[in-house]
Amino acid sequence: MSDKFPIEHIRNIGFIAHIDAGKTTVTERVLYLAGRIHKVGGVDEGTTVMDWMPQEKERGITITAAATTCYWNDYRVNIIDTPGHVDFTAEVERSLRVLDGGIVVLDAVAGVQPQSETVWRQADRYNVPRICFVNKMDRMGASYERTLDSIKHRLKANPVPVQLPMVTDDTFDGVLDLLEGKALVYESHNGTDPHEGPIPQEYQDAFNGYREAMVEKIVETDEGLMIKYLEGENIEANELRHALRQATINGRLVPVLCGTALSGRGVHPLLDAIIHYLPSPIDIPSVEGTLVKSGEVVTREARDDDHLSALAFKVTTDPFVGRLVYLRIYSGTVQTGASVINTTKDIRERMGRVLQMHANRRDELEEISAGNICAAVGLKNTFTGDTICTRDAPVILEPPQFPAPVLSVAIEPMTRADQDKLSEALTKLSEEDPTFDVFYNRETGQTLISGMGELHLEVLVERIRREFSVGALVGKPKVAYREAITSPVREEGRFVRQTGGRGQYGHVWLEIEPRERGQGFLFENRIEGGVVPREYISAIEAGVKEALQNGPLAGYPLIDIRVAAVDGSYHPVDSSELAFKTAGSIALKDGVRKAKPVLLEPVMEIEVLTPEEFLGDVLGDLSSRRAQIRSIEGQEGIQVVRALMPLAETFAYTTTLRSVTQGRASYTMEFRFYEPVPDTLIQNIIRGV
């Protein structure tokens, strides 16, 4: 099977939103209307196509980003349905890196929620054009106007409604198309084949007002249309649509649509809007890559006849076909069985099979062309963020950036037979998930696994037990503390051993100084005059990196530190890489002890939604957890509390919040930054290590 499609008729889009906004339900309806599936599944029943993992079916949430493809009006639409829970933010991050457009699904009752803001910021980082779909318009308390207002104020976006909802007695009947000047009325319960008609008289005033505002916003982005508008000329719907498309792709406007995905109402025009307003691969700037040898930045055009360049953005283990690597093909084409090169690692690879994915099902392709998303079998040494090219034109594309894990638990096998299987399971899962780390602590003899939160680690441990049939015992969650220094030092590292034959000689001076929070580790070679040969510099850096894993206070990794090798000496016979690696490690360990080290803890941004009558209890509990209240906002009997709270204080918060609010409050949180631990708590943390 081949998959040739005109590149201007391809859309790579993703559904992104806060948890429970309805992304998976919208995706399911889109696939049904496009004829990709023949029965609509439900999230609550665990029967959706996109939520195929057992944990997703049981919990009713999306955990892993699932890819599929459907066809609409001679267009190929590659879709990724992403998770909404903050613990699985890496799935959103990697998806947005390779998508050309996004549909932000918003709850018409709740409006813009905390994770909606997070995914919006992620989309901003990758300059992904967006449209908004206001879902759940049939729920009591739904408000299109309030949601538009929250898009404007909380997302700092410029929304332009292209539809108005038709609601009578809390029933969502259909939409008014502001561009075409017609009403789409849904009479059936399955949301198919809406009836088109004129604008009803009772909606005429609202239609006129919103249409005028829409036209003004659109013509402001197009000089030609602005002239026609000011001169009073009639502007055709197609002209407005073309200008709105350009403004959407440029990020100046965000078209807003509405509907209710559960009954399928409003999904039909949403599919049309995906085609009309979101870009094809040739509508966005060509991808930039770095030439391997020269470091020069070059562009790769989204054309089949350009050199192959593809980015691996996801790795999974399929029980039937083995290791799957998801690829976005930015330029060129690739055939099944082709020989390629992983330019990130400079390793030759072979594209065993090329697959078009439909959640956890797959269709085989003979080749895949530029602008598409596919999965490949046979890329044994390719991981998330690696670039695939042909040997004659190797470039490296920018990989997605992932947040560091913030929560750790100890894990150990239940039996000796489980030991090897556990090691294999942890290796495979860490290959799949860039925010999942495995670390063996030699001092305690424990294996620690780290992730983005309690739910993240809970799901991963479940997968270890189910998918890999491993009996595992898990300890209590531990905070992933970090250490840093606060003052610069200059320190000597000397490693000299004489054993009768050839000895060991390594000697280096390091200048060690703190960096701003979040800047990470930087190593510099400032040695002049050849007092230490160049071939030993990388060994010094390796020794420094190794020593950074155990800080002087409590053995936690050191972060945000600059280390410069500035002086030293060597022996023409006895010096070796091992000796200089050890000398670098000694200098770093001795130096950081003198550099006024501090212990850092991860701080979370938390948002609590609580009924007004429980606000005092919620605030009191937050204060007892060392939280810093940032703002309190009220809306219709609901209070929204935003605060910064140390991760160590968030354990079991769900249970406490439910008990003080009779189960009526909810909260979301995400990692924000590291900050020093108060002096009064440092000794307790050190003793608990």
Pairing of [X] and [Y] as salt bridge, 4.0 angstrom limit:
X    : Y    : value
R626 : E601 : yes
E524 : R515 : no
K428 : D433 : no
E633 : R642 : yes

Between R328 and Y330, is NZ or CZ placed under 6.0 angstrom from the six-membered ring centre and within 45° of the ring axis? yes
If you define the side chain from C-beta out and look only at heavy atoms, does anything of [X] sit under 4.5 Å from [Y]?
X    : Y    : answer
E491 : D590 : yes
P400 : Q122 : no
L548 : K589 : no
F521 : V544 : yes
R154 : S116 : no

Take atom [atom1] in [X]; do more than 12 heavy atoms of anything else shown fall under 6.0 Å from it?
X    : atom1 : value
K545 : NZ    : no
E516 : CD    : no
R630 : CZ    : no
K345 : NZ    : yes

Identified side chain to side chain contact (heavy atoms under 4.5 Å, CB included) counterpart of C258 within the set V134, L106, L270: V134
Exactly one candidate in E398, E93, R97 meets side-chain hydrogen bond (donor to acceptor under 3.5 Å, both in side chains) with Y126; the answer is E93
Indicate whether any N or O donor in one side chain lies under 3.5 Å from an N or O acceptor in the other, for T656 and R625. yes
